[in-house]
Structure formats: structure tokens, C-alpha cells
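Some notes on the structure that comes next.
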Amino acid sequence: MIYQGKQKIWSDYQKEIPDDHWYYVRSCIRQNFFPASEKMFLEICRDVLGKDVHENEHHTTCGGIAYHCDTIPQETAMTIVARQFALMTEAGYENYAASCITSFGNYTEILETWHEFPELETKIRELLWKSCRKEFKKPKYLAHTSDLIYKFRNEIAEKAKFRLVNKETGEPLRVVEHIGCHYSKMFPSKGVGGAEYPYVLAGMIESWGGNVIDYPERRHCCGYGFRQYHVKANRSYSLSNTYKKFESMEPYKPDMIITNCPGCPYFLDRWQYVIAETEGKTYGQNGFGIPVLTYEEVAGLVLGYDPWDLGLQLHQVGAEPLLDKIGIEYNPEDKYKGLDKKDLMRPELPTNLKCF
Amino acid sequence: MNIFGFRISPSSAINLDNVDKERFRELCRIEPDAVRCMACGSCSATCPAAGFSGMSVRKVLLYLQRGKEEEAFKLMSNCMLCGKCTMVCPRGINTRHLILSICRIYDKEEKK
Amino acid sequence: MKEIVVIIGGGIAGLEAASQLLKLGYSPIIVEKSDRLGGHVARWNRLFPDMTPAQDLVSELIASSKDANIFLNTEISFINRLKDSYNIMLSNGISIISKYILYTTGFRLFEAQKKEEYGYGIYNQVITNADLEHWFNTNKDDRISGKDIKSIGFVHCVGSRDEKARNSQCSKVCCITAIKQAIELKEKYPEAEIYCFYMDLRLFGKKFEDFYTKAQRDHGIHFIRGRVSEVSENINGQVIVKAEDTLAGKPLKVTLDLLVLMSGMVCNPDSTKSASMLSLPIDSDGFLKSSDNVFHITSSPRKGIYYAGACTGPKTVPETLAEARSAVLEIHSTITGEAR
Amino acid sequence: MREIYLSGYNNFVLPFMIGMIFVLSWCVIGAARIILQLTGEDRKKFFLSLINPKIMAKNVRDWFCDCLFHVKLWKRNMLLGYMHSSIAFGWFMLIVIGHIEVFLYTPQRVHQIWYPIFFRYFVAVTDSTMKGSFFFFLMDFFLLVILSGIILAIIKRARSRFFGMRRTTNPSITDLIGLYSLWCIFPLRLLAEGFTADISGGSFLTKSLNMVLHSFLSDQMNMLPTWWAYSIALGVFMCILPFSRYMHIPAEILLIPMRNAGIKVTHARKGYAKLQVYSCPSCGVCIDACPMSTVKANTKDTTVYLNRQIKRYNERRIEEISDKCLLCGKCTAVCPVGVQGDMMRIAQRSVRKYKLAPSYANIDENALLERCNKFVNTSNNTVTSDRNQRVMYFAGCMTSLTPSISKSTAAILQKAGIRFEIMDKDGGICCGRPMFMAGRIAQAKEMIEKNTAIIKASGADTLLLSCPICYKIFKEQYQLEGIEVIHHTEFFDRLIESGKITLNGSDTRYVYHDPCELGRGCGIYEQPRNVVRKAGELVEAEKHGKESICCGGSLGSLTLGFDKRKALTENALANLTIASPDTIVTACPLCRSTFNRYSDIPVKDIAEIVDEATRKKKR
């Protein structure tokens, strides 16, 4: 691996990310899967970094899942998106930050389509007016929220209490970065670092002290693939994809995986459990899995937030070995306690995958 | 254990790293022309068994080189050795003898 | 006074044209921007299909054109048109007035790093056809020398026939070059498995097909129809190549110790630059546009301006030499026609 | 007459006796083994044939004609025929007359089997009586005949071209010992009898020799050593006989009745096959006959070498030789003893072990039948009655690569007003012959079953074929009772005879190429020629009919590559064009494509010229 070669590509794919004043839209599914992630993003931006991030409770889905599952036509998706933009315009913002990778891809695709086919944009404006009596301005800047964290990665590193370094050995942690497919594979120039060697998460890992692992199936999809998972008959494809990725990263002995997509951490996490139960195979040390975290969770950890406040107990793969390596203190007793310290009860434990 | 109603599906992909090349090499020692195939498909197009078992000498050769022996055997199962493929091959490959040699070298049981 | 012909570019087309012009009694001036003659061919090791040493050809051409006026390390500063001739200002301060300019500006090799997915410049074991020829010539390349090489891949059409790489034309010589290089590598590493990943095999030239069947039968080189989709590196530093075997209709992957990218021919931006000074037309593929592509391939639409070789599109060595001769003949008949 | 020695014995008979006992027991045991190795059915057939007077008469005729007179060789090559028959018949007569003499003069010695052989040593018969001089004359005459044969043999050994043979076999070491001992036997006998002639009497040869010898060798002591030498030569010859080509002498005696009993090669090495191997006289007639011999490298792959390698159990070479053969059957046609080179090779191929075997059980014959069924009323499953023939035309795999043949055939049938249907219009099951030729008999049988079912269910009464490859197997291996199997050459001949089609001849000079499978394979030589004569002028190739040369495209050869066949085709073309014909006519789609590849003149199938001639206006 020639690091300078990658740096050359990274320098070619830099995107402009404004410093402040963002209109923020959430992901449909992340709040359920990893509930602290979006909360953490807002907290880091607002409280830690002191940025202006606006959120509107009237925003809806972007229609991306339905679009990628072939259940709605693109024009419908475009009208939904147009309404989101209208909400942003109404709130007086022009920088649009999406929490979801598929949304980000969806917005990018729609903006590019409108750029190529302005008549379509006109049509969508008409449709939006007919349906909602709303008008919109296209965002001046579109970013994924990981772009923002990437932009502020060094400020976060300065304020960090922990680094992605093995406390015992002093060695940097071996970190796998997994980028959601819709981040830059469709429009390489819209992502930090392009499509082949994206830098958005690698930059965070480097700034926070870890070592990025480049393994052969790095580019491969997490396995979610919309239809592959949602149609049960296809589910083994979804699982096989994930399996392929883990087989490929296994020799590198990763300490953790960072992702920037709603689906990826979920599937990389949950399919480890399914692989363990069906094949008896685990990828972490001592029967554990490899912890899969969102970039906000990792940012929260290095900034010193309590792991259980970050919702790490909602991951199937136990994060405890990772926390021990970094040296983050946690109270095992509190793992399954709610914010009010009420017992949430313990989940049934898997047979083959060790969770704590 | 199929406790979820689905599990890892076997890969149909070709992994050249895992292909056992020895038997094909043995075949090439007998039929050095086998590798001269340029995949024009004349053999498949003219084959009377193509309509029955999908026979195609081109595909058989390819599958054997890609470690997909079972698929090759399936194609070959209705070969009648009529020799039309030999007649039409633009590279002059002796396909009839090639097929007989495959039948001698390769074994269904050997493959797990 | 002998008629002056300015030849822009000291590659094989320029040298051959100069040598033919000298024979006809003209006074050719070669303007070469680099510090040596022979262009791309001088960097090559052996030439298909007879495995002729490239150096033999280049030395012979240099010897037969030694009486020409040669300016090395010299670029064209500007050219402007006078009444019936051209004023060519060189970067070394010399200005030439000539009625005839022959463009032999050639091509440029596609920059393989532009195909990011192939990882040239990122993965250690990925090289280009030019790197390989350089290694054949010098035996110096850490990526190859002293390595235990068991499997080698060739990717055809890197930057050719690829709209995403902004080059839709076929570079013509890569198929046969890949086969030539595969045979040469097989001779050096007889135990290695060699795979050629191709989209189409375009073996149009004399003896090319024989070369192909020889590669298949005598050297056991595997040909896989399918374009490489991506390259990655494994923990041992080997490269893993993924493609679809389109003849089997199945995805395919293989681990390789060396991957050679067949960089194609793209237009030379320098020739485009000097062409624009005379507002010479550029074809859709970026190469210089001939009067027509059948009958007057060596003529430009401007009087006194001629083309030879790969400046008008990818060419093989014999084609380039033939064009150089034909361009000279055309210049000669124009000159003698005017004198009469 | 008087016996010279009371004992009637001398030690010099020992070498002869050892040889005789050895060779007799070898042959008896061998014959018994071969008979035991036959399948039960064949054995029964063999024994039954021996009591069948008609077959027995044929056996006797064949024994005389083949073993003694070498009639086949005479027909082929007079000199060669004389050489062989002089030795064989001469020797046979010496033995017979020797025995007659013993019977007549010394009946008490009949049990002493050496007595007739060395009669002159033991018995002095006066040559002054009519009877005596008659036998003396006969004995000397036949000895002279043999000696003339031996002289020819020596010349042939040195210069085979005198005999019109381009190539002969390379004798093995045992062959050479046998050969030289055989050559020695008769001069030595002459010498021995010459020395004894003054005592025992003699005739023109022995008597005169005796005079000559006595003129400078008066010592009686010379007599015994020559008799010893004679006996030793006989003994050596007989001892080496089972290991040399001369084994063909006893083997052929058994081969003839077995052949006449209709026994076929079923096992690769045992029984009839073994007998054929031992019957091979290594004469090398098959070498020149073999179409592959046009390339020198192939001469060692001819039938004579196959037999030799089988004797040596050289499995690698056996496989090479068997797989290379085109199975054109010419070696079988010309073999003086009737070794079936083609059958032997198929048998060798049939014992090969394959790990994979195709099977056709999945093929739905009903679906195939539906495509061509026209003669059966599907509602009540009865054959539609029609006075016309119900012809099922099976074009065959190869014909589909030369569609002009099937197109012309169909056109002719239409013109003749014949009801027909094409069985394999959209492809079908191969006839099985190519698979059969590859030795995979079980697979071929499976195809035969499938096709039989289709043909039988179709309601056809005639199966018309344009490919001789198909024709041969349909004739020989299919059981299609009530359905006539006919090749299109025969069919066209019949159509012309019956006036259903009229050919308007032209002055085109046609040469007819006999396809191997049609001519030698099925014995169809005349019908196609009749047809060609109606269409134009028929000229003959240098070698034609039974001697026709394979086009080189045969499916019989498994290993001959495309590039290796060119020389064979060119040689066959040179043979065909000797009379400068305008067009080559053949009756096999494979010959047609093969010739077409290299021929300078047009190559057509007989169907095409018939079709053209029916279309042409009368001149």
C-alpha cells in the first residue's frame, strides 16, 4: 500500500463544507437502531462545538427506502424531497445536512437530475405547489452529517478524553471504516475522498489516534441492499454479503468498525450474531464479535460520554472489549438500566456469540 | 443450523485461487489444443445435445478451467459424440476426443 | 536552396520522415521537446510480433536521420501563418520560416492512476505496460525484481474504450502488447499462472492471431473475458482482482502477485496546443483531424501542414512508419508540383 | 521297397519331434482356450456350423482357397500369390504325398509321425517302378515349387518393390528366426534327400543333385548331418512358430470355420479377437491399403502393428493405434486372412474405462415424435392408410451441416410423389454410430433404443437415410421389424427404375466416391453408379469400390486432428481425379464436406445431382 498514492486521491476529492448554520434532517431508521447517535451529533455540534444546527419536527422520510425498493417512482421521491427543501427554505437555511446516507444519496441524485433535466425540476415545483402549496430553494450546500464530523474531527480530537489507542500496549487500534454505498459510489465527487478510497471516516480515525485497515472487500456493501434484506427469500444473499466482508477483514484482526450509514452498523452488527448462530463463527477475540459503532458513537466515546448513555447496550455485539482496550470506564451493572436507572431486563443471550 | 429460515448461501462466484488446476493440466497434456478455444460458440450452436442438456463444448472447457466441474458434467450428460462440433470448430480442436478424455480424467465422485 | 521541412516530434514517425526527406534532398528540422529521440518506442524493449528489439529500430532511424537539424529540449513557442509559409518560434529563441510542417507529435500514454479502482500508485503490485517494458530493459523495479511471482494478471483496455475515462477509442496495440508481454513474463516465470482480462481481443494485424494461439497453447496463458471491476490488496501485499467472467456469466476473483495495466493511447495535449495556434481541427477523440480518414489521412485541411503517426489516432509501429513515408511523399509531390 | 533301418528311428528326428509336439500341443491348447473364451451363444453357433454341410463345404473351400492357394493374394498380386501358394500348397503336398507313401509302402510305420517327413532316409523305394518314380517325381516337383517360392521370398525381402509393395512390415526378431528357419527347411531337405538319393532313389531334382554332390563329395558321412540340419530347421521353425507371424498358419485353420459360423468380435482380446490376432500373417498388405499410410508417420498404426502390439500387451501403443484409425474398413477388405482391423479397434476402444458416462434417459422421445409424426392418426392411434410409401427421412447430424443434401432429397421425394416426413428437422437424437465407433457401446445402445421407439411409433414403413454413417448402424444394430431401412442412393436407383423420376443426363463427367460406410460398410456399390450413369458420364477413380480411399474426414478416428487429415484428403482427391472428372459425386455428407474443403473441382452429393438432373430440360 502506497499511502502517498491515497493522499493524492484524497486531495483530488475535497468538498466544500460550510462551517456553520445547518438545517438537519434525521434518518428514518437510525433513531430506532442506535438512538443516541443522532442525539450525540446534535449535542457535539451544538454543545461541544457551538454550532447552529436547526431541526424541524415536520420533516418526513426522504422516500429513499421506498425508492430503492422500487415501491415508489422517482417523481414521488422528488416531491417528498422538494417538501423537505421547502421546510429548509422556510426555516431560512441553505445548508442541508442529512443524517442518513441513503437520504444523502437520494438528495444528491435528485439535485443532479434536476441539474441535467431542469424541466423535471419545474414539474416537481408544480407538483409540490399542487400538493402542499409550498415553494423551495435548492440547498446551497448539501452534506452528510459525517462530512461535518469529518470537518470538525481535529477540534473533537483536541477536546477528546480518550484516543483510539490500546491503553495497555500504546498501539493504535485497528479500525475498519465502512462507508455507506450511497455516500459516494453514485457521485464520487460529492463524497470526501471519492468513491474508491473515501476519506471521510478514515480521516476521523486518523485524527482520533486509530489505524485504518484497508482489507480486500473494503468496498463491498454491508449486505443490507434493501431488497436483499426486505424480501425474506433474498435474505441469505444479504447475510452472505456480510459474511464475505467479515471473512475478508478477519486476518487483519480489527478492534472495531466505524460506519456512517443507518443500515450498515445494524447489519454488520446483527449478522455477526446470525453468522455465529448458524455457522458457529465469531470474528472478535475470545468468542466476541467485532464491535460496530456509528461515527457519532465513536466521537461520543472519545469525548468521554458514558457508553451506556451512548446506547452501546443496544448493539448485539458487546462493546466491552473495545471499551477495555481504550480504557473507558463503565459500570457493567448499568448496562441494562434506563436513563431513570430502572432495570430494562436482560435480553436472551446468543449461544455462540459472547456479548459481555 | 438453519434456525432463522435462511443462512449463508453457497457462492456461485469463481475463485481462481481455489481451483484445482491439476486435472485440467492433465487434460491439456492429452489435448493441448483445448486451451486454444476462442469461445466463438460454433460448437454449442451446432450441437444436437444442446437442446437436451445444454451441451456446449465451449462452456464445458470454461467450467473445467474455473473449477465448476459439476456444471460441466451436467452439460455433457447428453453428448452423443456425433462430431458436429469437431466439424465446425474454427480452431481445429478435436472436440470428440477432448470429450472422451474428459470422461476418462474427471470423476463425479472425486469432487466433494 | 534546399526546401526546409519542420518536423514536430522526434519519435519514430519524425525520424523516419526526416530520413526519407534527406534522401529526397530536403532539409528537415526535427523539434523534440524531450532530451532524446525515439519517443515511446525508445522506451520499449521488444516489438511484436517478431520480437524485434525496439532499440535496433530506433538506432537505425536515428542513424539514417543524423543529417537532419535536430533541436532537443525544444518546444514550439508559437506558430503563425505568413503569406504562403509559417513562422515557427522555438523555445530556444530560434525562429524558422518554412512552407511545410509535419506533425509527428504522437500520443501520450493514459495515466493509469486515473482508473482509481485499479489502484495504480496505491497498491505496490500494480504496474503499467510501460513500467513492465522499462523493467525488461533495465531489470530495475522493486515491484517485480526479487519477488516470488506465481500469478500475474493483465488488464486490457485501461483508459481505452472507456467513456468514463473520457477515451472511447480503441488503442489498437494493447491486445497484442498484452499477449507479447504475457509471453515474455511467462518465459521469465514459467511456473506463474498468467491471466489476461479482456473485453474484446482485437488481433487485426499480421501474425497477431498466431501470437494469440501461441500464447494460449504453448504458454498456457489464460484469457478471461471480462473487464476488471476493482483491485484490492490483501494482508500479504498481493492484489485481489475482481471481474465478471462474462463467458461463464459468473463473478470471478483471483489473487495475483503482479498486475499489469495496459494503459492505452490518448491524444498528446502538446500537439493539441500547437494545433490550436494554427486553428487546426481536433477530432472527437481528441487527436488531430485529418482531411479525411480514408484517402488523406496524412493531410491537414491547412496547406503545408501534414500529419504522420499517432498524432491522428492510435497506430502500430509499421503503420506509423508507413504514414511517415507517405506524408513525405505527399510533401515531395507538393514541392515538385509547385516548382514545375 | 525296403526299409533301410529296422528301428525306423534315428536321433536326428528328435528336434523335429520336439518342435512338432510343442507346436501341436500349443495349438490344441490355444484352440481350446479360444473356443472356451467365446460367449456361450457363439460357441453353440460354432459347433452347430461344423455339422452344417453347407457351411462345412464353404469351410473346406476356404481352407483350400485361402490357406493353400491364397486366392485373395493371387487376385491382388500374382507374384505375391504365387510366392505364398507355392510354399503353402507345395509344403502341404509334400506332407500329403509323404503320408501316402508311408501308407502305401510302410503301413506299419503310420504311428511314427516323423516317418513321412524323413521317409527318404528310412526307406528306399525303387524309382524304376512306375509307382515309385511317380511319387519321386511328385515329391521333387513340389520341392521345386517350394524352392521357387523361397527364392521369390528372398527377393521380396531384399526388394519389396518388385512385388508392387510400397511398404512392408518390419519383422520382429522371432519373425526373423522363423523366416530364416523356414527358408532353410527346404534347401536342407533338398540337400539331405540329394545325399540320400543314391540309396533311397530320387527324381529329377534329388537324383541330379546326388550326382553333382557325388562328383566332389563322395563321403557317405555327409548324409546324416544334412538330415540333422533338416530336422533342426524344422524343429526351430515349429518351436518359434507360436511366437512369430507363422502362427497364422495354424490359426487361420480355426479362423475360417469361426468366420463362416458368423462369429463376431465381441471381446477386445479374448476368443475370436485373439484368433484374429494370431491369424495375422504380418504380410503388410494393410499398410499400403491404409489411407493413413500416405503420411509415413502413420504406417506403424496399421492393423498389422495393432495385432503385433496386442500380442505384446503393449497397452499404450494398442490405445494409440486403435484410437487413430479412421475405421474405413479397407484393411479388412484387403486382408488375405480376413482379420477385421476395424472391428478389432472398436473392440479395443470398448474396453476403455471412463469415469463419466452420458445418459439419454432424460430425453423425451414423445416430444421428438410429435415433431415428425404425420403417419399416425392421433385421435384413434391408427396408422393412416395410404397406398403410397410412408417414408421417414432421417437426415442425420452431418447432413445438417450440408443442408443442400436434405433439401435436394426432399425435392426429389416431392417430385416422385412420395409421402414423407423429416424425422430430425429440428434436431434429434444421433443414430449412435459415432458413439459406437468410439467404443461406448452401452451409450450407443441407449440412443438406438430412443430412436427405435420414435421410428416405430411414427407409423412409417420406410426409413430413408442420406448419411451412410447412420445407414450402417440402422442396418446392423437397429431392430426395426417391418420397416425398410434404405440409403438414398438405393432409393433413387429404385425411383429411376420404377419410372417415378426421370433424369435428363448431361455430358458432365462424374467420378463416384464410395463412402467407406456405404461401400465396404454396407456393400452398396452398384446402385449409386446406376444413378450417376443416368445423370451423366461415370468415370472411375484409380481405386474404387472395395478399394476406395477414405476421404480422411471419418468420425472413426478419435485422435487424428484436423491438421493431420489434410494429407489424407489430398491423397484421396488425387486418387479420385485420375480420370479428370468435372465433378466429384459422393453419397455421404461427411465425405462431401471433407472433400469440399480441399477440392479444386465441385463436390456434390448424389442427391444434388439427381435433383439437378430432374430439373434439367431434356436436351
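To find a chain, count down the sequence lines: A is the first, B the second, and so on, and within it residues start at 1.
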Could you tell me whether a side-chain N or O of Lys355(D) sits under 3.5 Å from a main-chain N or O of Ile105(B), the two making a donor and an acceptor? yes
Tell me if a side-chain donor or acceptor on Asp563(D) pairs with a main-chain N or O of Gly92(B) at a distance below 3.5 Å. no
Measuring heavy-atom distances to chain B, does Arg433(D) have an atom under 4.5 Å in its side chain, in its backbone, in both, or in neither? neither
Winner by heavy-atom pair count (cut-off under 4.5 Å) against chain B, out of [options]:
options                         : result
Leu555(D), Asn362(D), Leu590(D) : Leu555(D)
Cys430(D), Ala444(D), Gly561(D) : Cys430(D)
Cys397(D), Ala438(D), Ala361(D) : Cys397(D)

Side chains of [X] and [Y]: closer than 4.5 Å at any heavy-atom pair?
X         : Y         : value
Arg352(D) : Arg104(B) : yes
Met80(B)  : Pro434(D) : no
Pro358(D) : Ser77(B)  : no
Ile102(B) : Tyr354(D) : no
Tyr360(D) : Asn78(B)  : yes

Is there a side chain to side chain contact (heavy atoms under 4.5 Å, CB included) between Leu81(B) and Met437(D)? Walk through the geometry before answering. CA-CA 10 Å; Leu81(B) 219 62; Met437(D) 291 202 280; over 6 Å; no
Counting only heavy atoms closer than 4.5 Å, note whether Cys79(B) contacts chain D via side chain, backbone, both or neither. backbone
Which answer fits Arg96(B), side chain, backbone, both or neither, if we ask what part of it has an atom under 4.5 Å from a heavy atom of chain D? side chain
If you round to the nearest 0.5 Å, how far is [atom2] of [Y] from [atom1] of [X]?
X         : Y         : atom1 : atom2 : value
Ile429(D) : Cys82(B)  : CD1   : SG    : 12.5 Å
Cys103(B) : Lys353(D) : SG    : NZ    : 14.5 Å
Leu356(D) : Ile99(B)  : CG    : CD1   : 11.5 Å
Thr46(B)  : Leu401(D) : OG1   : CG    : 4.5 Å
His97(B)  : Asp323(D) : NE2   : CG    : 5.0 Å

Considering all heavy atoms of both residues, which atom of Leu560(D) and which atom of Asn94(B) are nearest to each other, and what is their separation? O-ND2, 3.8 Å
